[in-house]
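The block underneath contains the structure these notes are about, expressed in structure tokens.
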There are 2 protein chains.
Amino acid sequence: MADAREQTTGLAEEIATRLCEQVASGALRPGQRLFETKFATEMEISRNTLREAFRLLTRDGVLRYEPNRGVFVAVPSMASILDIYRARRLIEVPALAQAWPRHEAVARMRLAVDHAERMASVLDWRAVGSANIEFHRAIVALTDSPRLIAFFARLSVELRLAFGLLKHPAVLHEPYISLNRAIVQRIEDGDQKCAADLLEDYLAKSERMIMASFARLD
Amino acid sequence: MADAREQTTGLAEEIATRLCEQVASGALRPGQRLFETKFATEMEISRNTLREAFRLLTRDGVLRYEPNRGVFVAVPSMASILDIYRARRLIEVPALAQAWPRHEAVARMRLAVDHAERMASVLDWRAVGSANIEFHRAIVALTDSPRLIAFFARLSVELRLAFGLLKHPAVLHEPYISLNRAIVQRIEDGDQKCAADLLEDYLAKSERMIMASFARLD
DNA sequence: ACCGGGAGGATTGTTCAACAATAATCCTGT
DNA sequence: ACAGGATTATTGTTGAACAATCCTCCCGGT
């Protein structure tokens, strides 16, 4: 979502991606109410344009409308986490299983892992989380399917939202770097089957972990 | 997309679904330009509200923005058809393979097949097409996954758009009714594996057919 | 006849101001 | 303490305005 786009596409979309980034980065917290007038003046745009941006993000599941009360940052639930992981399994595993080892997205995967490792060495765990998500986007990019890629982009924004809800200790992201490294290694070696199996493990482990963190919340 | 929603959700969304229905029903043809002032006055809403609706539908892939020229009804290409069928396979086949035979969506599948047959007997082929798509939505509903269901709803709108582009002979929809009947029968009998195989055949056949029709166009 | 280049009109992009409708808050009288 | 009504804040929707951009068509030069 919050990636390559823009140009002259229009102010509303630009605002939408900016808001999306703020949500993903944690500047806007889940459940927070977004007042139209306040944000419009802050971002120096008109209320109408802001409303267009809100509509966009509502469609993406980043924001939530309440009929006559306004928009709020979406708050992820256990049910939504389960749903997201289910969809992830459905998309990512076949994507990896049918991967062409010399697809350009493999390089993206490698870059994402490297970046995650660098960020981990500086203890910037939020950046590690972003890099890990970029890794999985690269996996989906292996399919060359615009619709699957767009769908997954939405899922990943929602996922970042959920991560933002949790406390951010190293344990949330650090263990997965080496797993990702193993996966990309297998793909580069041409062993898609094994890579897909590893990914399945990854997803199971990650899902369990995030659910457990969630349960420890409220 | 153009289904259960509404209530007090807001005028823009209501307009969006109405436009979406018009697109799906063929009242708005692919490639057609949508003038803001014209539609705003016709539908008796303000231009601002209409623009919000446009933004919504752009996100769904129903409309297309061209920077300083306006919005157009999206026109499906061969590439998009291929992409849609790829995503359909990825989602529908596992959905069916893991189906619980007494899931309520099975009844929806049965109803859709019955309806398609009735419409075929009256030679209303557009309605047959809609019923067939409803059948496949019901398949995805077997997953109980809100995100997959929403994603598939988008795909199905795009698909209807593509059908609208084609000439509408019986051959486009009629052969698939009996295939659908066979699939729902297998599910009711608890033979998911066989149902999934049948679905795979269905999709392959349907894709070949639509691609051939497409090639015969321009 | 052909081509370049404005002039003018149409349409979008964005803003602003206004008001009705609804929800939240506060105040008051018991 | 609390029910109920008045007040305020916010959203929902509209209309008008103006700049920016694109399209068309006409005109003049070669």
Q) Can we say B:E207 and B:R88 salt-bridge, meaning some charged N sits less than 4.0 Å from an Asp/Glu carboxylate O? A)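 No, this pair does not count.
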Calculate the interatomic distance between [X] atom [atom1] and [N] atom [atom2]; express it in whole Å.
| X | N | atom1 | atom2 | answer |
| --- | --- | --- | --- | --- |
| B:E14 | D:dT13 | CD | C1' | 13 Å |
| A:F54 | D:dG12 | CZ | C1' | 14 Å |
| B:E36 | D:dT13 | CD | C1' | 16 Å |
| A:N68 | D:dT11 | CG | C1' | 6 Å |
| A:R69 | D:dA9 | CZ | C1' | 12 Å |

Q: Check every nucleotide of DNA chain C for an atom under 4.0 Å from a heavy-atom of chain B, then give the first and the last such nucleotide from 5' to 3'.
A: C:dT11 to C:dT15
Q. Hey, do the aromatic rings of A:Y202 and A:H136 have their centres closer than 6.0 Å?
A. yes
Q) With nearest nucleotides of DNA chain D determined for A:V71 and B:R33 from heavy-atom distances, which residue corresponds to the more 5′ nucleotide? A)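 On the 5' side of the pair lies A:V71.
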Give a yes or no answer on whether the side chain of [X] reaches the backbone of [Y] with a donor-acceptor pair at less than 3.5 Å.
| X | Y | value |
| --- | --- | --- |
| B:E13 | B:G10 | no |
| A:R33 | A:R69 | yes |
| B:N180 | B:N132 | no |

Sort me out a list of protein N/O and nucleotides 14-17 of chain D N/O pairs below 3.5 Å, or just none if empty.
| residue | atom | partner | partner atom | Å |
| --- | --- | --- | --- | --- |
| D:dT14 | OP2 | B:S46 | N | 3.1 |
| D:dT14 | OP2 | B:T49 | OG1 | 2.7 |
| D:dG15 | O6 | B:N48 | ND2 | 2.6 |
| D:dA17 | N6 | B:R47 | NH2 | 3.3 |

Q) Can you find a pair of side-chain heavy atoms, one from A:M43 and one from A:T49, that are under 4.5 Å apart? A) no
Q) Quick check: are there more than 12 heavy atoms from other residues, nucleotides or ligands sitting under 6.0 Å from CD of B:E104? A)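 Not buried by this count: 12 neighbours or fewer within 6.0 Å.
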Q: Test side chain to side chain contact (heavy atoms under 4.5 Å, CB included) on B:V140 and B:F151 and set out the steps.
A: CA-CA 10 Å; B:V140 178; B:F151 179 50; over 6 Å; no
